[in-house]
Structures are given as structure tokens and as C-alpha cells.
Amino acid sequence: MIICAEDLTFAYNDSLMALQNISFEISAGECVALTGHNGSGKSTLVKHLNGLLKPTKGRILVANKDTATSRTAELASQVALLFQNPDDQICKQTVWDEVCFGPQNLGYDKKKTTTLVQEALALFELTSFEKKNPHDFGYSERKRIAMASIVAMDTPILVFDEPTAGLDSYEMSLLINTLKKLQSENKTVLVISHDMDFVAENILRAISLSAGKKVFDGKLRDLFEQTDLMTESGLLHPQTMQLSKACGLYSSPLSTDECVAAIAEQLGQPSLPNA
Amino acid sequence: MAPNKTTATLFIDKDSWLQRLHPLTKLSYILLTGVAAYGGPSSLLYICLLLFCNAVITASGGLLKDTAKALLRVILPLLLFMIPIHSFLFPGNRTVLLEFHGMIVYQEGLLFAISTLTKLTVVLIASFLFVFSTHPADLITALSHTCRSPSLAYLLGSPLLLLASMRERIETIQAAQRARGLDVDGNMFRRFLSLAPLLLPLVLGAIVEVEQRSIALEVRGFKSTSIKTSLRKLSDSALQRFCRWLMLAIAAVVLLLHGLG
Ligand SMILES: Nc1ncnc2c1ncn2[C@@H]1O[C@H](COP(=O)(O)OP(=O)(O)O)[C@@H](O)[C@H]1O
Ligand SMILES: [Mg+2]
């Protein structure tokens, strides 16, 4: 198990419990969606992975290290965390330097750093911007810069806090390609997202929080079956499922392809003419 | 939202008489201390007496540790700098205190450095007391009750809000830097260096934020001169009002005497 949370509990101040008795395990190479309503504790949870927050009770092990006793700068070689707000993490004056920042701190040699940075910039189509100032760009570009600078760290675990917020459909496809590439490299990926269409198409397992408690851990498809839980977690079903339900189909398609297949089946045809 | 995110301001959320004191009373006290330290007799004994008074007030409000920490950060570098310079080079130096490998420490310079620093310490303590025990929102409420002009109150209060929002941003950004492997634990200089490229965006960001906030206030009728309901309850009393005027009067008298003498 590369990530193992045991009875994790955290309070920002004495009164407010942001996380309560959360336990889960994630094995190396898994891709997991972390979902839940705003304020349910998702960001708080992922900040424990690299020791930015320390548990009030319980513990969390990352690559067999207790994060409570490890320094964040040390854990950075294991876990890269995309912050929810790109402006929280942009701190350099050129896009190139920004993306270099992580690999340099991790002590990679010059050749490795250059290769990683070039690859990351290419993934998010930022290569032509490398000499520009990140602060001069719009929100979604800054978000891409922030994502590239996380990917460039080449850590075994990557955590994305709401990567889809504010991206247009093209930028979304860049993100999806990146996730696929990371999966093919056997990286462990944790994605926080409210976008159920995005999650349903790309991720199999979900952990869901509500008011600081874990309310679901399992196959995303099973989460969608539990309508009460979906409502409690403030989540909408993906549009493919909404559509199939509105059409009275029996299956629960999670992607466009599955949806098309379900409609074809309903019509008694092997496939749809234009699919 | 948590009602008092203590990280957001310098305010320390404790329940002591200092916290409950009206902000203007505390402001008057800073003024009085400043005038007493710089306008009063320059004898070291007198200044140490002021220092003692302030220390007692701080301790009784339970703020001794925090104030001492903040004070040390400001005074220590000055101490290391001023004491040697004045001991060796103060223009009025006459009396040799001790001689060491050709370096001569003079009494006048040493005393001058000590009394200057002590005066500064006295005023700093009073100021730290104020910022540690006063929530910026209370200050703005107090000012807008007194000034009758909400814009002026906001103008006076906004640097505090500016500071608070900047401090919060800096903490988040530093956390993000550590998350990307920057190891700056304990090294103030490296920490500052890592923030240097951000200074301009940070200050601009904070100013924009305060400006946006004031616009947001305006569209919600902030400038209306009718009496507002205040959610934060500020306790004031006749005694406090009397003390405020007394302190201001004493300060004025000291200044006057100082100007004449
Ligand atoms: N720095 C903080 N100080 C105090 N409370 C906080 C802080 N950050 C978040 N919280 C509170 O903790 C809870 C969980 O927040 P968060 O983890 O950001 O939720 P999510 O990411 O799921 O939207 C919320 O009630 C929020 O108000
Ligand atoms: Mg969040």
C-alpha cells in the first residue's frame, strides 16, 4: 500500500472537526477520485499526504513513512500536490523557472530536470510560453502552468486538487491525456473533482467525503447507484446516466461509448449507424 | 467558515482584559507611551520604569510570551548593530569604560545606545499589545463609531486588513513551496529570498483585494450615514472614556512642557 490512512482525524481549531476517523488504503498505480460537497474536507485531507497538515489523531503513511514525523520538503520527493488555487503556488518569474522549481529542489541533475520540464510543458502546450511571466496569463493558463510544474516533479504519487475547475474542453483533454500518461507510467494519482462527467469517463474508484467523514469508498459505478449518498455528497450523476435514466434505459452508462451501446441495445440493433 | 481564523491577523484570540478594552483606549495608550518615552526625562531609570509598567500590563493580559518573541525579532538585530557602533564611535564619547586589544568602549556611547533602544522597546511593547489584542474588525467598528465617516475609518483600518491578507497569502505560498521540496525550515534569509520575486504581486494583490472589498462594501451601503447595527459588540464605559481623555491630556501637557523646556 503506497498510501494508508488510519483513523485520520483533524481539527483546524478545537471546535471544528474538518476530518473524522478516516481510514483508507490506496495501492501503487491506482487512480482514485476524491469527491464530496464544498467544505467536506477534501483539500484538508490531501494536505496530510505531504505533511502540510499533521493529524490531530490517527496517522497517515505514505510509502511507509508516517507523514506526521516527516518534513514536507522531504515528502515532496514522494507526493506532488496541485493546489486548488494556482496563485497559491506560482512563485517564479518565468514559466520555465516555475516548472523547474520542483525538480531543482528535489536535486535532479541538469539533464533530467531539462527533460522533465520540457515534457511537462509539452503536455500542457506551454512550450511557446516558457520565457513569459506566469502572472501575465489568464486563470486557466496559470492552472496549466501549475499542473505542469507538479507533473515535472516526477514523483510516484500525484494529487490534483480540483484540476478541472476553470478549464475549457480543450484544456480538459490535455489534462485527460496527462492522466492517461501518468497511469501508463504506473504513478498513483488522486484527483479531487466535482465534475462527474470527467470522473466517470476517466476514473474507476472513488472515495467520497461528507462533512469530514468518509461516506463511500469503492467502485465509482456503485457510488452512482446510491442516490441518497450522491445527494448527501452534493454530487450530480454524469450526464450519460441522466440521459439513459430519462430515456428509461436499464443500464448505467459512464461514458459516451457505453451510452451509445446501451441505446443501440435498447433499439435491438448491434450498433448505431453513426456511432 | 471559522469565525476567527487566528492565522489571518496578528490578533491573538484570548480572553483577557486587554482584549476586552476598547481599541481607542489602547490607541491612546500607545500615544501616551510614545510621548512619555520621548518627551519625558531622559534618565535611564525613568525609562526603565516605563518599561516595567508596560511589561506588567503585558503579563497581566497573558501576552508576555508573544510580545517578547516579536520584540526580540525587532530589537535583537538593532542591539547587535547599535551597541558596538555607539560604544566605539558616538561623537560625545569621553569616558573610557574598558579597553580591549586597542578597541575602546566608551560610557557615553553605550548609555546612549541603551537608552535609545529602551525607549524604542517601550513604544514597541505598547504597539504590540495593541495589535495582538485588537481584532482589525473591532478597530474599524470603533473608528467608524467615532469618526462618523466610514470611509475614513476604513482608510485607517485598511493597512491592518492589508497586512492580515498578505500574511495569509505568504503562509499559503510558503506551504506550496515546501510541497515542491523547498527546504527553508528555520532559515529566515532563504525564506525571504524565496519570496522576493513574489513581493510585487503580493503587495499588488493585497491592495487590489482591499480595494475590491471596499467596493463591495460600498455597493452594500457601507457609506450610508445612518446608524448601523454592529455584529461585533464593543464594550466601552464611562471610565474608559475618562481614561482616554486623561491619557490624551497628559500627553498634550508633556508635549507642551517639552516644547517650552
Ligand atoms: N485554514 C483553515 N482554517 C480553519 N478552517 C478551515 C481552513 N481551511 C479549511 N477550513 C474548514 O475546514 C472544512 C473543510 O475545508 P476544505 O478541506 O477546504 O473542504 P473542500 O476542499 O472539501 O471544499 C471547511 O469547513 C472549512 O471551512
Ligand atoms: Mg478544496
Side-chain angles (χ1 to χ4, degrees), chain A residues 11-18 38-39 43 46-47 49-53 70-94 97-108 133-136 142 146 149-155 159 161, chain B residues 1-15 19 62 66 135 162 164-213:
Chain A
Y12 277 102
N13 36 42
D14 303 334
S15 52
L16 186 92
M17 294 289 252
N38 279 333
S43 299
V46 296
K47 281 182 188 157
L49 290 172
N50 57 8
L52 281 176
L53 297 176
S70 317
R71 290 209 320 279
T72 299
E74 230 172 276
L75 289 164
S77 62
Q78 295 294 322
V79 188
L81 169 63
L82 175 82
F83 277 59
Q84 189 166 351
N85 177 1
D87 298 327
D88 288 347
Q89 72 177 66
I90 288 176
C91 63
K92 290 283 166 184
Q93 272 162 329
T94 66
D97 287 349
E98 182 63 34
V99 181
C100 270
F101 185 78
Q104 275 172 341
N105 285 328
L106 296 182
Y108 297 155
N133 189 326
H135 293 285
D136 292 341
R142 294 206 301 281
S149 60
I150 291 309
V151 172
M153 288 167 70
D154 193 30
T155 50
V159 182
D161 195 344
Chain B
M1 280 307 296
N4 269 325
K5 278 208 260 166
T6 38
T7 51
T9 58
L10 298 173
F11 174 66
I12 297 168
D13 200 2
K14 269 186 196 164
D15 193 33
Q19 253 82 3
D66 298 286
H135 196 283
L162 204 75
S165 83
M166 269 183 64
R167 184 177 138 140
E168 204 173 10
R169 297 276 314 137
I170 286 178
E171 266 168 20
T172 328
I173 289 172
Q174 282 184 329
Q177 288 182 330
R178 276 188 288 138
R180 285 202 282 161
L182 186 71
D183 207 347
V184 286
D185 290 350
N187 189 330
M188 289 271 284
F189 183 65
R190 278 194 60 192
R191 227 189 278 190
F192 174 76
L193 273 191
S194 69
L195 282 177
L198 280 175
L199 238 42
L200 194 64
L202 266 177
V203 174
L204 290 181
I207 291 175
V208 169
E209 191 180 319
V210 169
E211 189 183 332
Q212 277 168 350
R213 245 190 266 185

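Quick note on labels: first sequence line is chain A, next is B, and so on, each numbered from 1.
Among all heavy-atom pairs drawn from A/Phe83 and B/Thr172, the shortest one is CE2-O, 4.4 Å. The minimum heavy-atom distance linking B/Ala179 with A/Asn50 is given by the pair CB-ND2, 3.4 Å.
Contacts between A/Thr155 and chain B at a heavy-atom distance below 4.5 Å are absent for every atom of the residue.
Heavy-atom pairs under 4.5 Å with chain B were tallied for A/Glu98, A/Glu74, A/Lys47; the largest tally goes to A/Glu98.
Here the CD1-CD1 distance, from A/Ile90 to B/Ile173, works out to 10.0 Å after rounding to the nearest 0.5 Å. Atom CD1 of residue A/Ile150 and atom CZ of residue B/Arg180 lie 5.5 Å apart, to the nearest 0.5 angstrom. The CZ atom of B/Arg178 sits 12.0 Å away from atom CG of A/Leu81, with the distance rounded to the nearest 0.5 Å.
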